[in-house]
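These notes are about the structure you will find just below.
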Amino acid sequence: MGTPHDAGTLQEADRSCPCGSGRPFGLCCGPVLSGSRQAATAEELMRARFCAHVDRDFGFLHRTHLPTAHKPYVPLPGEPSTQWTRLVVHSHAPGRTPDTATVDFSAYGLEDRVEHVLHEKAEFIREGGSWLYTRALREGPEPYRNAEKKPGRNDPCPCGSGKKYKHCCLPKA
């Protein structure tokens, strides 16, 4: 069951924020978690949601998740056992409209004293001035993309034969 934020482990406003920003909690995620101000960006909400996981503030997570945001919060029996330890935000990008954005991040946590990582590209939407987490677009790292330019049909063959690619290695490809 979630505990109210002010009774959680993050109540020291001057301690370093667990979201990894390097700022004091009271100037970073604390005001967003307490409701004294809205998250200004999707990344800021992502960081606050990570802190809510650290603090087990499941009510905040419920209120900032689009499918449940407009429903009353009812604590579920049994708490997740993951102890979240650190967050790395890889990128924050605007979406197709000013009210959508994505955040690519890795969240690290301990389960049974073994570190696990959740790498996700998450989608966020701004509704009524408030950012909400909508869904995971991708779990795991970004797919590898070969940056090398492929030879054109009339380019010299990369094998070094001196022939055009179309007369040498293209038919074998």
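Just so we're clear, the structure is a prediction, and the values are computed from it rather than from any experiment.
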- Nonpolar side-chain network containing Ile125, other nodes, edges under 4.5 Å: Leu66, Leu132

- Query: Any chance CZ of Arg153 has more than 12 other-residue heavy atoms, nucleotides or ligands included, within less than 6.0 Å?
  - Reply: no

- Message: Other residues, nucleotides and ligands only: do more than 12 of their heavy atoms fall within 6.0 Å of CD on Glu111?
- Response: yes

- Begin from the C-alpha positions of Phe124 and Met46 and carry the test side chain to side chain contact (heavy atoms under 4.5 Å, CB included) through to its verdict. CA-CA 9 Å; Phe124 292 82; Met46 178 65 242; 3.9 Å; yes

- Note on the structure: In terms of heavy-atom contacts, Ser130 and Gln38 come closest through OG-OE1, 2.8 Å

- For atom CG of Asp112, is the number of surrounding heavy atoms from other residues, nucleotides or ligands below 6.0 Å larger than 12? no

- Does Arg47 have any salt bridge (charged side-chain N to carboxylate O under 4.0 Å, His left out) partners at least two apart in sequence or in another chain, and if so, which? Glu43

- Which of parallel (below 30°), tilted (30 to 60°) and perpendicular (above 60°) describes Phe50 and Trp84? perpendicular

- Message: Tell me whether the NZ or CZ atom of Arg86 lies within the 45° cone about the ring axis of Tyr108 and under 6.0 Å from its centre.
- Response: yes

- In terms of heavy-atom contacts, does NZ of Lys163 have more than 12 from other residues, nucleotides or ligands at under 6.0 Å? no

- Message: Restricting to side-chain hydrogen bond (donor to acceptor under 3.5 Å, both in side chains), what partner residues turn up for Glu115, sequence neighbours left out?
- Response: none

- Can you list the steps and then say if Glu127 with Asp99 is a side chain to side chain contact (heavy atoms under 4.5 Å, CB included)? CA-CA 7 Å; Glu127 186 178 87; Asp99 291 328; over 6 Å; no

- Message: Restricting to non-hydrogen atoms, name the atom on His119 and the atom on Asp104 that form the minimum distance, rounded to 0.1 Å.
- Response: NE2-OD1, 2.9 Å

- Look up atom CZ in Arg113 and atom CD in Gln83, then write down how far apart they are to the nearest 0.5 Å. 11.5 Å

